Amino acid sequence: MPDFSIGLRCKVCGKLYPKSPINFCTDDFGPLEVDYDYSAITQNITRDKIEKRPRNMWRYRELLPLEGEPTVGPQVGGTPLVKADRLADALGVERLWIKNDAVNFPTLSFKDRVVSVALSKAREFGFRTVGCASTGNLANSVAANGAAAGLETYIFVPSDLERSKILGTSVFGANVIAVSGTYDEVNRLCTQVAFKYGWGFVNINLRPFYAEGSKSFGFEIAEDLGWRFPQHIVCPMAGGALIGKIHKAFEELHKVGLVKNAPTTKMFGAQASGCNPITDAVKTGRERHKPVRKPNTICKSLAIGDPADGFFAAKLMRDTGGYGEDVSDPEIIEAIQLLARTEGIFAETAGGVTVAVAKKLIEQGRIPRNEEIVLCITGNGLKTLDALQDAIEFPVVIKPSLEAFDAITGASPSPVAREPALV
Ligand SMILES: *Cc1c(COP(=O)(O)O)cnc(C)c1O
Ligand SMILES: [Zn+2]
């Protein structure tokens with residue numbers, strides 16, 4: 001398999017850099033993005049070829065930036081696109097889908113996609129020690145995938161992170177560094193560490209490769225819809241990379257001839273009101289976001305006050321005719337339960353943000369009720385149980401007797417139970 005990536009291109013001035021562990025342009029500090037030889041890919045890729053491969057993210061490997069076979073996370077991706085009819089009824093819309101990365105392998109969030117690319121690339125570059133700054137899910141994924149690959153890992157997190165996300169990182173033998181500060185302060189520290197120690201940080205010097213992994217989320221949506229694009233996508237935003245890469249994925253599928261029509265999908269970004277720099281920029285018509293100094297929300301996985309791709313995410317929402325909205329903590333909790341009760345899907349707080357924002361956008365009339373919508377569920381509810389602590393009642397305890405059960409149940413026996421078939 002040839003490597004179709006040609007280098008890293010500055011998103012501001014277009015200057016091309018060689019494939020290396022760098023993430024910004026030395027001329028203008030613009031972020032770098034992987035560029036490909038698309039005409040060569042067009043010659044090499046067909047729907048048929050892709051469909052014959054195993055159902056994981058690497059079936060789109062021509063559009064991912066590796067030189068060799070993936071050595072980290074070869075089974076990541078291939079998560080279900082669920083037709084969500086019961087949630088559609090509850091929201092009063094006709095065609096609704098859920099892309100469910102709450103069941104991504106191995107750490108139950110979409111971050112396994114970005115980490116498998118970043119760490120496979122880190123190994124190609126020869127790094128033995130890797131790390132990240134994380135709001136939780138990235139920590140879990142770098143620790144797990146790093147352990148499986150035999151890499152030494154250093155994971156930096158804000159010290160007020162959910163306990164389950166810290167435990168779910170330490171268990172893999174990672175060096176976990178809890179920092180008393182916000183994510184943005186943690187990230188700044190990691191930039192210094194990466195520079196001083198020469199390690200590979202997946203979301204810093206490996207970020208251009210890392211971010212490409214998110215495209216697979218978009219490739220899978222389009223393929224599972226029958227090689228076409230939905231009219232609306234609602235996507236949670238932290239650093240603002242995923243939303244942009246889903247759209248880049250759609251554009252690439254069109255560019256290499258796998259989907260005939262260019263995407264006209266409207267991109268909607270979702271954040272928590274307690275940390276909403278990107279949606280605030282969209283709503284107030286500001287081109288550049290104002291950093292949120294002290295994020296304050298139960299949705300810690302999205303709590304990045306100064307998002308690296310905030311400018312591009314806001315621009316994308318404007319350019320595609322989408323919008324950005326944010327929701328309060330009580331709305332997040334209610335939406336987690338709505339999704340669980342209608343679809344049997346337990347999402348983390350970021351999923352609550354997505355569902356609650358979708359509800360809001362539908363009520364505002366920004367998403368028409370008769371058009372097709374895909375909601376991006378990116379993380380698993382079992383990792384953020386604390387958020388539901390006060391919202392869910394603990395079950396009543398009864399004695400182990402039928403009388404005790406009769407006393408509390410409002411149900412009456414069903415006819416089937418009363419007339420058992422005698423054999
Ligand atoms: C990291 C994360 C996101 C957002 O990712 P960005 O690409 O940084 O915008 C969304 N959902 C969950 C659960 C995450 O962990
Ligand atoms: Zn530049």
Side-chain angles (χ1 to χ4, degrees), residues 8-17 22-33 99-104 107-115 118 132-142 157 161-162 165 168-169 183-184 187 202-203 207-208 210-218 234-248 267 269-272 275-279 289 298-314 316-317 324 332 336 347-355 357 375-384 387:
L8 304 178
R9 196 173 291 284
C10 172
K11 283 182 85 169
V12 176
C13 71
K15 181 169 170 183
L16 191 66
Y17 288 81
I22 49 170
N23 61 320
F24 61 87
C25 174
T26 44
D27 292 351
D28 52 27
F29 298 103
L32 302 180
E33 186 169 50
K99 174 61 174 170
N100 187 12
D101 259 19
V103 292
N104 205 5
T107 65
L108 308 178
S109 89
F110 102 90
K111 289 299 198 300
D112 290 323
R113 297 176 185 275
V114 289
V115 168
C132 66
S134 173
T135 58
N137 286 314
L138 186 60
N140 297 165
S141 188
V142 170
V157 294
L161 201 61
E162 295 100 332
K165 284 196 175 150
T169 305
Y183 171 83
D184 294 298
N187 198 50
V202 301
N203 57 332
R207 189 173 176 85
Y210 155 101
E212 285 294 284
S214 290
K215 291 191 309 192
S216 62
F217 193 92
V234 185
C235 178
M237 302 181 296
L242 175 62
I243 190 170
K245 292 292 177 170
I246 293 173
H247 196 261
K248 184 182 179 195
M267 303 300 295
Q271 293 200 297
C275 184
N276 65 348
I278 312 178
T279 56
H289 66 265
I298 54 165
C299 187
K300 299 190 187 299
S301 58
L302 301 182
I304 296 184
D306 192 6
D309 292 298
F311 170 80
F312 296 100
L316 177 69
M317 286 179 259
I332 295 168
I336 290 174
E348 72 144 82
T349 46
V353 167
T354 300
V355 172
V357 163
L375 304 184
C376 304
I377 298 302
T378 49
N380 195 296
L382 293 172
K383 294 200 209 180
T384 58

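Computed from a predicted structure; not experimentally measured. Ligands are counted one by one from 1 in listed order, and the atoms in each one are counted from 1 as well. Every heavy atom of this structure was used, including side-chain atoms; hydrogens, water molecules and symmetry mates were not.
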- Please confirm whether the backbone N or O of Pro208 pairs with a side-chain atom of Asn23, one donor and one acceptor, at under 3.5 Å? no
- Query: Is the shortest N/O to N/O distance between Asn137 and ligand 1 below 3.5 Å?
  - Reply: yes
- Query: Which ligand 1 atoms does Ala241 reach within 4.0 Å, using its non-hydrogen atoms?
  - Reply: 6 (P), 7 (O), 9 (O)
- Note on the structure: In ligand 1, the atoms that come under 4.0 Å of a heavy atom of Met237 are 9 (O)
- Query: So, the side chain of Gln271 versus the backbone of Ile278: is there a donor-acceptor pair under 3.5 Å, distance only?
  - Reply: yes
- Starting from atom 7 (O) of ligand 1, locate the nearest protein heavy atom and write down its residue, its atom name and how far away it is, to 0.1 Å. Leu242 N, 2.8 Å
- Residue selection (non-hydrogen contact nearest atom 5 (O) of ligand 1) among Phe110, Phe217, Tyr210: Phe110
- Task: Starting from atom 8 (O) of ligand 1, locate the nearest protein heavy atom and write down its residue, its atom name and how far away it is, to 0.1 Å.
- Result: Gly239 N, 2.8 Å
- What is the minimum heavy-atom distance between Gly218 and Ile246, and which atoms define it? CA-CG2, 4.1 Å
- State whether Asp27 contributes an N/O/S atom found under 2.8 Å from the Zn ion (ligand 2). no
- Heavy atoms from other residues, nucleotides or ligands near CZ of Phe312 exceed 12 (cutoff 6.0 Å): yes
- Return the residue, atom name and 0.1 Å-rounded distance of the protein heavy atom closest to atom 12 (C) of ligand 1. Thr378 OG1, 3.3 Å
- Measure the distances from the heavy atoms of Gly240 to every atom of ligand 1 and state whether one is below 4.0 angstrom. yes
- Query: Does Leu302, backbone or side chain, put an N or O under 3.5 Å from an N or O of ligand 1?
  - Reply: no
- Note on the structure: Here the vertex angle at the Zn ion (ligand 2) for OD2 of Asp28 and SG of Cys13, given to 10°, is 100°
- Write out the residue and atom name of the closest protein heavy atom to atom 1 (C) of ligand 1, then the distance separating them to 0.1 Å. Lys111 NZ, 1.3 Å
- Beyond-backbone contact of Pro307 with Met237, side-chain heavy atoms, under 4.5 angstrom: no
- Glu348/Lys300 ion pair, N-O < 4.0 Å: no
